[in-house]
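Nothing fancy with the numbering, it's 1 onward along the sequence.
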Amino acid sequence: MPTTASANGQTTASEPPQGQLPSATRRIPGLTGELAAEFFGTAILILFGVGVVAQVVAGGIGDHDSITWAWGFGVMLGVYAAGRISGAHLNPAVTIALAAYQGFPWKKVLPYSLAQTAGAFVAALIVRWNYTDLIAMVDPGHTIKTQGIFSTLPGNGTLPIGQGGALRDQIIGTAILVFMLFAIGDARNSAPLGNLAPVVVGLLIVAIGMAWGTLDGYAINPARDFGPRLASFFTGYGGAMRDQNGDLFFWIPIIGPIIGALIGGALYKYGLQIFLPKAETPETASAGAKEL
């Protein structure tokens, strides 16, 4: 934990350097501010992500590439909005992994997850409201044809992919996500300079979408999937909790990302992080200067 020396010679906790993994120290705004940041940050990512899918599916404007880029931009902007206050997890799976491997307080995991899911839910309601007329025109029955606007489906609702394949896809995709998030956010590694970390994270989402979007739409985030799924369920999509085969599906983009996040976090912590040089303290920096 970073520390600074006070006037009386005692050390006190300070904010970690920019780009470092979120610390367990209490941030200035307190939990209420952190939850507000997670709510609005996740809402921003959903406004862009679900919004672009609505435009492509219901409006016929754009394609898979525009979807992946808009999701990446949405994550980038959400991180810029929330990062200073809460660390911008925007994803319950990421929050769990940070608690398991990087010292984030376990007592904050549930509040963060609820705030993230609530932000996703409210943002999806806004998208649903905005595209109401267009969705009613192309899919008046609110069927599986447009359900994919809000939540993921095996094989994106068209390919013959089973639930096992979708679960595997979620585990792998989220493991990649968390492994790279830890690498990008670790100040002891080659962390992006200045305020570039959100841009790199956004590009990471674009890359995952382009490489891992076929089997289950790369939800890789329980809040991103369940919040909009719940919003669609309450606004006319009676089958929102099921897939195109009629099987309960909502649990896969929840359980899969959590498992994947724990795997990806463990791979980074025990596969790479243990080999990184220890963070330099004022004492070691002073000693090194004297040696020079």
Side-chain angles (χ1 to χ4, degrees), residues 39 42-71 73-75 78 90-92 114 116-167 169-170 173 209 213-257:
F39 175 92
T42 309
I44 289 169
L45 98 84
I46 294 299
L47 287 173
F48 285 96
V50 173
V52 72
V53 181
Q55 180 169 275
V56 172
V57 173
I61 300 173
D63 53 21
H64 179 70
D65 284 352
S66 59
I67 289 174
T68 57
W69 280 106
W71 273 110
F73 288 138
V75 170
L90 315 185
N91 183 336
L114 292 175
Q116 293 154 0
T117 304
F121 174 78
V122 171
L125 285 178
I126 294 173
V127 175
R128 176 73 173 88
W129 178 41
N130 187 62
Y131 282 93
T132 294
D133 297 337
L134 195 56
I135 291 174
M137 182 178 68
V138 301
D139 185 20
H142 301 113
T143 67
I144 207 75
K145 180 179 179 181
T146 56
Q147 173 57 39
I149 291 173
F150 303 97
S151 53
T152 62
L153 293 162
N156 292 315
T158 57
L159 299 176
I161 304 299
Q163 292 198 355
L167 179 63
D169 181 71
Q170 287 298 294
T214 301
L215 272 66
D216 189 28
Y218 72 108
I220 56 177
N221 181 341
R224 169 269 172 272
D225 192 86
F226 187 69
R229 190 182 296 271
L230 202 60
S232 65
F233 180 78
F234 286 136
T235 57
Y237 288 86
M241 300 299 164
R242 299 181 180 273
D243 61 19
Q244 64 267 32
N245 302 313
D247 299 322
L248 278 177
F249 186 77
F250 74 93
W251 62 275
I252 286 181
I254 296 175
I255 299 301

Colleague: Could you note down all residue pairs passing salt bridge (Lys or Arg N to Asp or Glu O under 4.0 Å) where residues 128-154 supplies at least one of them, sequence neighbours left out?
Modeller: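 Checked against salt bridge (Lys or Arg N to Asp or Glu O under 4.0 Å) - neighbours excluded - no pair reaches residues 128-154.
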Colleague: Taking the side chain as C-beta and beyond, is there a heavy-atom pair between Arg224 and Asn91 under 4.5 Å?
Modeller: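 Contact flag for Arg224/Asn91 side chains = no.
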Colleague: Among pairs that include at least one residue of residues 239-255, which meet side chain to side chain donor-acceptor pair (under 3.5 Å), considering only residues two or more places apart or in two chains?
Modeller: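 Qualifying pairs: Gln163-Asp243.
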Colleague: So, do Ile161 and Asp216 sit near enough that their side-chain heavy atoms are less than 4.5 Å apart?
Modeller: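 Ile161 does not reach Asp216 side chain to side chain.
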Colleague: For a quick test of reading the model, state the closest non-hydrogen atom pair linking Ala123 to Ala43 and the distance between them.
Modeller: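 Closest approach of Ala123 to Ala43: CB-O, 3.3 Å.
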Colleague: I need the minimum non-hydrogen distance between Ser232 and Gln147, along with the two atoms involved.
Modeller: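 Minimum heavy-atom separation between Ser232 and Gln147: OG-NE2, 3.4 Å.
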Colleague: May I have the step-by-step check of side-chain contact (heavy atoms from CB on, under 4.5 Å) for Trp69 and Val52, ending in yes or no?
Modeller: CA-CA 9 Å; Trp69 280 106; Val52 72; over 6 Å; no
Colleague: Report yes if the side chains of Val56 and Asp63 come closer than 4.5 Å at any heavy-atom pair, otherwise no.
Modeller: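 They are not in contact (no side-chain heavy atoms under 4.5 Å apart), so the answer is no.
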Colleague: Specify the closest pair of heavy atoms between Pro253 and Ala219, including all atoms of both residues, with the distance to one decimal.
Modeller: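 Reported closest heavy-atom pair: CB-CB, 4.1 Å.
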Colleague: Kindly write out the residues that satisfy side chain to side chain contact (heavy atoms under 4.5 Å, CB included) with Phe233, not counting sequence neighbours, or none if the list is empty.
Modeller: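 Partners of Phe233 by the side chain to side chain contact (heavy atoms under 4.5 Å, CB included) criterion, ordered by chain and then number, come out as Ala240, Met241.
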Colleague: In Å and rounded to the nearest 0.5 Å, what is the OG1 to CZ distance from Thr117 to Phe39?
Modeller: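 Spacing of OG1 (Thr117) from CZ (Phe39) equals 11.0 Å.
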Colleague: Over all heavy atoms of both residues, which pair between Val127 and Ala54 is shortest? Give the atoms and the distance, please.
Modeller: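 Of all heavy-atom pairs spanning Val127 and Ala54, the closest is CG1-CB, 4.0 Å.
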Colleague: Strictly by modelled atom types, are Thr68 and Tyr218 linked by a side-chain donor-acceptor pair under 3.5 Å?
Modeller: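 Absent: no donor and acceptor within the cut-off.
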Colleague: Does CZ belonging to Phe121 count more than 12 external heavy atoms closer than 6.0 Å?
Modeller: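 Buried by this count: over 12 neighbours within 6.0 Å.
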Colleague: Which value, rounded to the nearest 0.5 Å, describes the distance between Ile135 atom CD1 and Thr235 atom OG1?
Modeller: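 Output value for this atom pair is 8.0 Å.
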Colleague: Might you point out which heavy atoms bring Ile44 and Gly78 nearest each other, and give the distance in Å?
Modeller: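 Ile44 and Gly78 have their closest heavy atoms at CG2-N, 3.8 Å.
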Colleague: Quick check: closest heavy atoms across Pro92 and Asn221, and the distance to 0.1 Å?
Modeller: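 Smallest interatomic distance, heavy atoms only, reads CD-OD1, 3.3 Å.
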Colleague: Tell me if a side-chain donor or acceptor on His64 pairs with a main-chain N or O of Gly209 at a distance below 3.5 Å.
Modeller: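 Side chain of His64 to backbone of Gly209, a donor-acceptor pair under 3.5 Å: yes, one is there.
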Colleague: State the CD1-CH2 distance between Ile46 and Trp71, to the nearest 0.5 angstrom.
Modeller: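 So the CD1 of Ile46 and the CH2 of Trp71 are separated by 4.0 Å.
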Colleague: Rounded to the nearest 0.5 Å, what separates atom CG in Leu153 from atom CD1 in Ile144?
Modeller: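 Reported to 0.5 Å precision, the distance equals 4.5 Å.
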Colleague: With side chains defined as the heavy atoms from C-beta onward, is the minimum distance between Phe234 and Leu125 less than 4.5 Å?
Modeller: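 No, their side chains stay 4.5 Å or more apart.
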Colleague: For a 4.5 angstrom cut-off between non-hydrogen side-chain atoms, does Tyr131 reach Val57?
Modeller: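 A side-chain contact is absent here, since even the closest heavy-atom pair is not under 4.5 Å.
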Colleague: Would you compute the distance between atom CG of Leu134 and atom CD1 of Ile149 and round it to the nearest 0.5 angstrom?
Modeller: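 Answer rounded to 0.5 Å: 8.0 Å.
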Colleague: Carefully, step by step, assess Thr146 and Tyr237 under the rule side-chain contact (heavy atoms from CB on, under 4.5 Å).
Modeller: CA-CA 9 Å; Thr146 56; Tyr237 288 86; 2.6 Å; yes
Colleague: Using 0.5 Å steps for rounding, measure from the CD atom of Gln170 to the CG atom of Asp225.
Modeller: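 Going from the CD atom of Gln170 to the CG atom of Asp225 covers 7.5 Å.
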Colleague: Is there side-chain contact between Leu230 and Phe250, with heavy atoms separated by less than 4.5 Å?
Modeller: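 No, too far: nothing below the 4.5 Å cut-off.
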